[in-house]
Amino acid sequence: MKRIVLTDRETLQLEEAPVPAPGDEDVVIRVERAGICGSDAHFYRAEYKGTKFPLVLGHEFAGTVHSVGRKAAGFQPGDRVTAEPGIGCGRCDFCKSGAYNLCRSQDFIGGRPGFPGGFAEYVSVPARMVIPLPQEMDFTTGCLVEPVAVAMHCLGRGKIQKGDTVLILGAGAIGLLIAQAVRWGGAEKIIMSDVAPERLALAEKFGADQVIDSGKEDLIRTIQERYGEGGVDVVYDAASVGPTFSQAVHVVKSGGRVINVGEAAKPVELERDLLGREIELTGSRQYTREDFTKALEVISTGEFPLDQVPIRYYPLSRYTEAFDTALNDKAVMRVMFTPQEA
Ligand SMILES: [Zn+2]
Ligand SMILES: [Zn+2]
């Protein structure tokens with residue numbers, strides 16, 4: 001089979017490899033769609049400390065079951081599936097409580113050597129992490145379940161209440177999906193900011209009530225003029241570029257919540273307002289089984305208009321173009337590989 005290997009920082013290679021044989025408790029999936037996520041871009045640029053190469057990236061994918069391990073019950077070849085890529089140790093307190101996203105010895109499909117991901121024709125996954133797709137769900141939508149689960153986890157971390165005003169800093173794929181999630185969760189007003197006009201246009205299309213071009217407008221002043229000194233109830237920092245954290249703290253109301261979603265490239269300075277105005281600061285990391293279940297549910301009921309998502313497809317052989325588009329084309333929300341296409 002073909003697979004894309006990240007051999008070193010910003011160095012990709014198309015390789016021939018044997019189709020994986022499933023371990024006793026694994027399922028091998030024939031990959032139909034695999035999305036390039038923001039964290040794949042971080043891996044690509046070697047921005048995570050301690051990243052080891054080579055890596056086969058790709059943690060959001062959907063396809064059909066190809067083969068099933070001896071002890072992997074519940075799956076048949078041909079079943080349409082996606083998977084949770086985070087693999088908790090199963091023994092620590094976090095794993096036992098269901099919060100495997102916080103497991104300190106978590107493995108990750110498509111992010112660790114020894115756990116090759118979905119940028120390949122086939123990928124092997126522990127059966128307990130494989131999730132059946134509803135019959136009517138196409139593979140593209142199935143591939144979006146993972147990022148939607150990220151957004152559903154953000155919804156929970158934000159403790160969104162009916163009627164809340166929510167500001168989302170950063171209108172990339174995750175920012176846009178958070179907008180959908182908080183709307184579903186009862187948010188009344190959604191404001192989104194970004195510096196890329198293409199993304200602001202997407203934000204408007206995805207139902208933001210107001211968009212702010214923070215490259216041109218003073219975000220803090222714009223929010224305060226419109227929503228008063230009190231600011232907004234909840235701010236999601238899905239950009240995490242340094243200034244956005246400070247902006248978040250300045251526009252959230254006293255007692256409000258700031259949720260860090262994006263991976264910050266540099267350390268940020270803690271703002272005094274956190275203490276003075278009792279601002280709650282929290283993070284949102286990955287998802288749990290519950291978020292995946294909820295993601296499947298909201299998608300199935302048609303409450304997330306995912307058919308609007310601008311997606312660009314590439315066969316594995318066009319990996320250079322695919323990564324270039326994912327990294328640079330702000331009008332595309334997801335780049336997906338179609339590994340079964342030559
Ligand atoms: Zn992802
Ligand atoms: Zn654990």
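Read the numbers this way: they start at 1 and go in the same order the structure lists the ligands and their atoms.
Sorted by first and then second residue, the salt bridge (Lys or Arg N to Asp or Glu O under 4.0 Å) pairs involving residues 159-184 (not counting sequence neighbours) are Lys159-Glu280, Arg183-Asp209.
Ser193 places no side-chain N or O within donor-acceptor distance of the main-chain N or O of Asp213, the cut-off being under 3.5 Å. In this structure a side-chain-to-backbone donor-acceptor pair under 3.5 Å is present from Gln340 to Glu121.
The Zn ion (ligand 1) lies at the vertex of an angle of 110° between the SG atom of Cys37 and the NE2 atom of His59 (rounded to 10°).
Enclosure of atom CD in Glu290 is not indicated, since only 12 or fewer non-hydrogen atoms of other residues, nucleotides or ligands lie within 6.0 angstrom.
Aromatic rings from Phe115 and Phe108 are positioned such that their centres are separated by 6.0 Å or more.
Around the Zn ion (ligand 2), the protein N, O or S atoms closer than 2.8 Å are Cys89 SG, Cys92 SG, Cys95 SG, Cys103 SG, listed by chain and residue number.
Under a cutoff of 6.0 Å and an axis angle of 45°, Arg80 and Phe139 form a cation-pi pair.
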